[in-house]
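Worth knowing before you read on, the calculation uses all heavy atoms, side chains too, and leaves out hydrogens, waters and symmetry mates. To find a chain, count down the sequence lines: A is the first, B the second, and so on, and within it residues start at 1.
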Amino acid sequence: NAGVTQTPKFRILKIGQSMTLQCTQDMNHNYMYWYRQDPGMGLKLIYYSVGAGITDKGEVPNGYNVSRSTTEDFPLRLELAAPSQTSVYFCASSYVSRGYTFGSGTRLTVV
Amino acid sequence: GIQVEQSPPDLILQEGANSTLRCNFSDSVNNLQWFHQNPWGQLINLFYIPSGTKQNGRLSATTVATERYSLLYISSSQTTDSGVYFCAVDYGQNFVFGPGTRLSVLP
């Protein structure tokens, strides 16, 4: 039982490059989320999805895109990376809006 | 939007001591969770507690939704309890996180 799996764990990007952070869950949860955590801060919601084909913006969506083609997968796309996107990114899933299960995070540095 | 506050921001304890962490929120919420982020960054769900009291070993939590606060109790603290404790409130279709309480338990 893997839970929520995020890849990669670490990544360094140059300014202007693009990348996709992968997130997959095997618990058949319908809700999935992407959060970012800046150093010493709490978590801020980027995007969330309440089911396949449905996505919505959170508090800080600018510079990111998501898609949800299957129940299991919820990739986060960064276009034209900027230093302000240096952060730790967490994916989470839940059944409806009950207890979250988090992935282990992706530490991204933009230089 | 909703405001979520946590107190204290920082807490240092000797091993074996007890502590109470508080979470206040500014509006009615559907649900509330407590999380522990360990020093390696991993986030663990401690409690899903929309109201009432729950206990899990040395940890317990109480939410008084009508008064808009929740408390997390840690008894007989251990060094492995160190890290940041977040509360998160369900406001709409997702959870809004508080800024956290950083706990350091000294041996």
Side-chain angles (χ1 to χ4, degrees), chain A residues 2-6 8-10 23 25 27 29-51 54-61 66 68 74 76 86-109, chain B residues 1-10 21-25 28-52 54 56 59 61 63 65 70 72 83-104:
Chain A
V4 178
T5 302
Q6 289 185 238
K9 293 191 184 303
F10 304 93
C23 176
Q25 53 95 6
M27 298 171 286
H29 285 168
N30 51 347
Y31 283 34
M32 295 187 75
Y33 314 83
W34 276 105
Y35 285 87
R36 60 176 285 174
Q37 184 179 30
D38 297 332
M41 305 293 284
L43 281 75
K44 293 187 177 180
L45 183 67
I46 305 171
Y47 272 96
Y48 66 100
S49 169
V50 300
I54 305 170
T55 62
D56 211 343
K57 296 178 180 179
E59 183 182 358
V60 289
V66 294
R68 183 98 181 269
F74 191 40
L76 177 71
T86 294
S87 190
V88 180
Y89 292 84
F90 288 98
C91 178
S93 72
S94 67
Y95 175 67
V96 195
S97 61
R98 295 195 172 184
Y100 277 19
T101 299
F102 276 96
S104 57
T106 295
R107 187 175 297 274
L108 175 67
T109 302
Chain B
I2 193 169
Q3 303 300 312
V4 182
E5 299 175 346
Q6 292 186 242
S7 60
D10 296 281
L21 283 58
R22 187 177 180 100
C23 173
N24 292 331
F25 39 97
S28 299
V29 298
N30 299 321
N31 284 301
L32 185 143
Q33 299 185 74
W34 282 97
F35 295 91
H36 175 221
Q37 187 169 39
N38 66 24
W40 297 271
Q42 188 179 12
L43 282 155
I44 305 297
N45 189 310
L46 297 175
F47 294 102
Y48 173 77
I49 182 167
S51 63
K54 290 186 178 180
N56 185 1
L59 274 62
T63 297
S70 183
L72 178 68
V84 183
Y85 290 80
F86 292 103
C87 71
V89 299
D90 181 359
Y91 193 64
Q93 290 183 314
N94 58 80
F95 279 81
V96 176
F97 281 73
T101 291
R102 182 172 300 275
L103 175 65
S104 299

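In this structure, A:Y100 and B:Q33 approach most closely via the heavy-atom pair N-OE1, 2.8 Å. Here the closest non-hydrogen pair linking B:F97 and A:L43 is CB-O, 3.8 Å.
Looking at B:F95 and A:Y35, their side chains come closer than 4.5 Å, going by heavy atoms from C-beta outward.
Neither the backbone nor the side chain of B:Q6 comes within less than 4.5 Å of any heavy atom in chain A. Only the side chain of B:F35 comes within contact range of chain A, judged by heavy atoms closer than 4.5 Å. For chain B, the nearby part of A:Q37 is the side chain; its heavy atoms alone come within less than 4.5 Å.
Atom CZ of B:R22 has more than 12 neighbouring heavy atoms from other residues, nucleotides or ligands inside a 6.0 Å radius. At most 12 non-hydrogen atoms from other residues, nucleotides or ligands lie less than 6.0 angstrom from NZ of A:K57.
Atom OG1 of A:T101 is separated from atom CG of B:L43 by 11.0 Å, given to the nearest 0.5 angstrom.
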